[in-house]
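Written out below as structure tokens is the structure these notes cover.
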Amino acid sequence: KTAAPHCFKSLPEYIQKSEARKRWNIRFSTPEKYQESVKGYYRLIYGVDVVVGKIVDALKELRFDDNTIIIFTGDKGFYLGEHGLAGKWFMHEESIRTPLIIYDPRLQASSRGKRRQEIALNVDIAPTILDFAEIDIPEQMQGRSLRGLVYGKDEEWRDDFFYEHLFENAEIPKSEGVRTERWKYIRYIEQDPVDEELYDLQNDPYEEHNVAMIKDNGEILNKMRKRWNELRESLR
């Protein structure tokens, strides 16, 4: 939906000229390039699916399948032309959302196939593995074990998280932000003055409308700024 000129033109000029746009030109700027790139991407996904199937078959052959937990995830999202961009560096949903599937063969059939709505992060993976292995989780780990959620327990859980992309590259603007269940705040920290984006994901799930400059959103904008600063300072 957002792979449209008006969505791209709504972005700041420095993002329009960034590495993400250069790669868009390579991959998606013509119908032929788009078809080649997207088909190749989905072939890759299919290839991963085939390999996972082979791993499961091997576990069955070794008779380990009834006692092996499988965690399937990825390291990043990936634009497929959304917002007129390519790559993975900015905070749009296409860039930051990753798959996460946890399969425990010991779960009863009635408890399988559940989808939880809590915010899970990549920093949760290591604590989860340690917890399933019944190994103490070091206090310095940032994440939390997802084991209780897998087993259907109701737990007090995070309702937001801090995002940062600080990779040193002159053509990839550095950014930080906060994502809650409803709101997303993005801050391009090297701009002077600082540039901000605010999206209401409940009413604008495709992030087409930056509402940071709308006067009525001043209260939520200040709240998100404050939370950004709190999380940022807590991680230093």
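The structure displayed is predicted, hence computed values, not measured ones. All residue numbers refer to positions in the sequence shown, counting from 1.
- Considering all non-hydrogen atoms of both residues, Arg116 and Asp154 come closest at NH2-OD1, 3.9 Å.
- Summarising the geometry of Asn203 relative to Pro205, their closest heavy-atom pair is C-CD, 3.6 Å, with the distance given to 0.1 Å.
- Of the possible donor and acceptor atoms, one in the side chain of Ser95 sits under 3.5 Å from a partner among the backbone N and O of Phe90.
- Side-chain atoms of Arg106 do not come within 3.5 Å of backbone N or O of Asn67 as any donor-acceptor pair.
- Between Tyr188 and Glu197, the side chains place a donor N or O and an acceptor N or O closer than 3.5 Å (distance only, hydrogens not considered).
- When each of Arg23, Glu171, Lys76, Lys174 is tested with Trp89 by the rule side chain to side chain contact (heavy atoms under 4.5 Å, CB included), just one qualifies, namely Arg23.
- Checked by atom type and distance alone, the side chain of Asp195 never pairs as donor or acceptor with a backbone atom of Gln191 at under 3.5 Å.
- For the pair Glu196 (side chain) and Ala212 (backbone), a donor-acceptor distance under 3.5 Å is absent.
- Side-chain contact check for His209 and Tyr199: no donor-acceptor pair (N or O, by modelled atom type) lies under 3.5 Å.
- Under a 3.5 Å cut-off, the side chain of Arg179 and the backbone N or O of Phe161 do not form any donor-acceptor pair.
- No donor-acceptor pair under 3.5 Å is formed between the side chain of Ser145 and the backbone N or O of Asp131.
- Ring geometry for Tyr79 against His92 counts as perpendicular: the plane angle is over 60°, on a 0 to 90° scale with 30° as the lower cut.
- There is a side-chain donor-acceptor pair under 3.5 Å between Arg187 and Tyr185.
- Heavy atoms of other residues, nucleotides or ligands lying less than 6.0 angstrom from CD of Glu233 number more than 12.
- Considering only residues two or more places apart in sequence or on other chains, Phe132 meets the ring pair (Phe, Tyr, Trp, His ring centres under 6.0 Å) condition with none of them.
- Only one option out of Ile55, Ile101, Asp104, Val56 pairs with Ile70 in a side chain to side chain contact (heavy atoms under 4.5 Å, CB included); it is Val56.
- Using a 4.5 Å cut-off between side-chain heavy atoms of Ile, Leu, Val, Met, Phe, Trp and Tyr, with links allowed through other members, Tyr163 and Leu201 fall into the same hydrophobic cluster.
- Judged by distance alone, with hydrogens and angles left aside, the side-chain atoms of Asp204 form a donor-acceptor pair with the main-chain N or O of Glu208 at under 3.5 Å.
- Of all heavy-atom pairs between Arg144 and Thr128, the closest is O-OG1, 3.9 Å.
- Between Thr2 and Glu82, the shortest heavy-atom contact is OG1-CB, 3.3 Å.
- When the ring pair (Phe, Tyr, Trp, His ring centres under 6.0 Å) test is applied to Tyr42, no partner is found at least two apart in sequence or on another chain.
- Residues Ile96 and Trp24 fall into different hydrophobic clusters, defined by Ile, Leu, Val, Met, Phe, Trp and Tyr side chains chained together at heavy-atom separations under 4.5 Å.
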Determine whether Tyr103 and Phe72 satisfy the following criterion, ring pair (Phe, Tyr, Trp, His ring centres under 6.0 Å), listing intermediate values before the conclusion. CA-CA 8 Å; Tyr103 168 71; Phe72 181 92; over 10 Å; no
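- When the shell of 6.0 Å around CD of Glu155 is examined, it contains more than 12 heavy atoms from other residues, nucleotides or ligands.
- Taking the ring axis of Phe8 as reference, the NZ or CZ atom of Arg21 stays within 45° of it and closer than 6.0 Å to the ring centre.
- Annotation for Leu80 and Tyr34: closest pair O-CE1, 3.6 Å, computed over non-hydrogen atoms.
- For Thr73 (side chain) and Leu100 (main-chain N/O), no donor-acceptor pair under 3.5 Å exists by modelled atom type.
- Of the N and O atoms on the side chains of Arg232 and Asn229, not one donor lies less than 3.5 Å from an acceptor on the other residue.
- Within the 3.5 Å criterion, the main-chain N or O of Phe64 finds a donor-acceptor partner in the side chain of Thr68.
- For the side chain to side chain contact (heavy atoms under 4.5 Å, CB included) test with Leu107, the passing option among Val150, Ile102, Ile69 is Val150; the others fail.
- Tested against Leu130, the residues Ile137, Ile125, Asp136 include a single side chain to side chain contact (heavy atoms under 4.5 Å, CB included) partner, Ile137.
- Leu235 and Trp228 end up in the same hydrophobic cluster when Ile, Leu, Val, Met, Phe, Trp and Tyr side chains are linked at under 4.5 Å.
- The side-chain heavy atoms of Lys33 and Phe28, taken from C-beta on, include no pair separated by under 4.5 Å.
- A salt bridge is absent between Glu219 and Lys223; no separation between the charged side-chain nitrogens and carboxylate oxygens falls under 4.0 Å.
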Passes side-chain hydrogen bond (donor to acceptor under 3.5 Å, both in side chains), Asp160 versus Thr180? Steps please. CA-CA 4 Å; Asp160 62 18; Thr180 73; over 6 Å; no
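- Annotation for Pro173 and Ser18: closest pair CD-CB, 4.0 Å, computed over non-hydrogen atoms.
- Taking the side chain as every heavy atom from C-beta outward, Val194 and Ile189 never approach each other to under 4.5 Å.
- Checking side-chain atoms of Lys184 against main-chain N and O of Met91 turns up a donor-acceptor pair under 3.5 Å.
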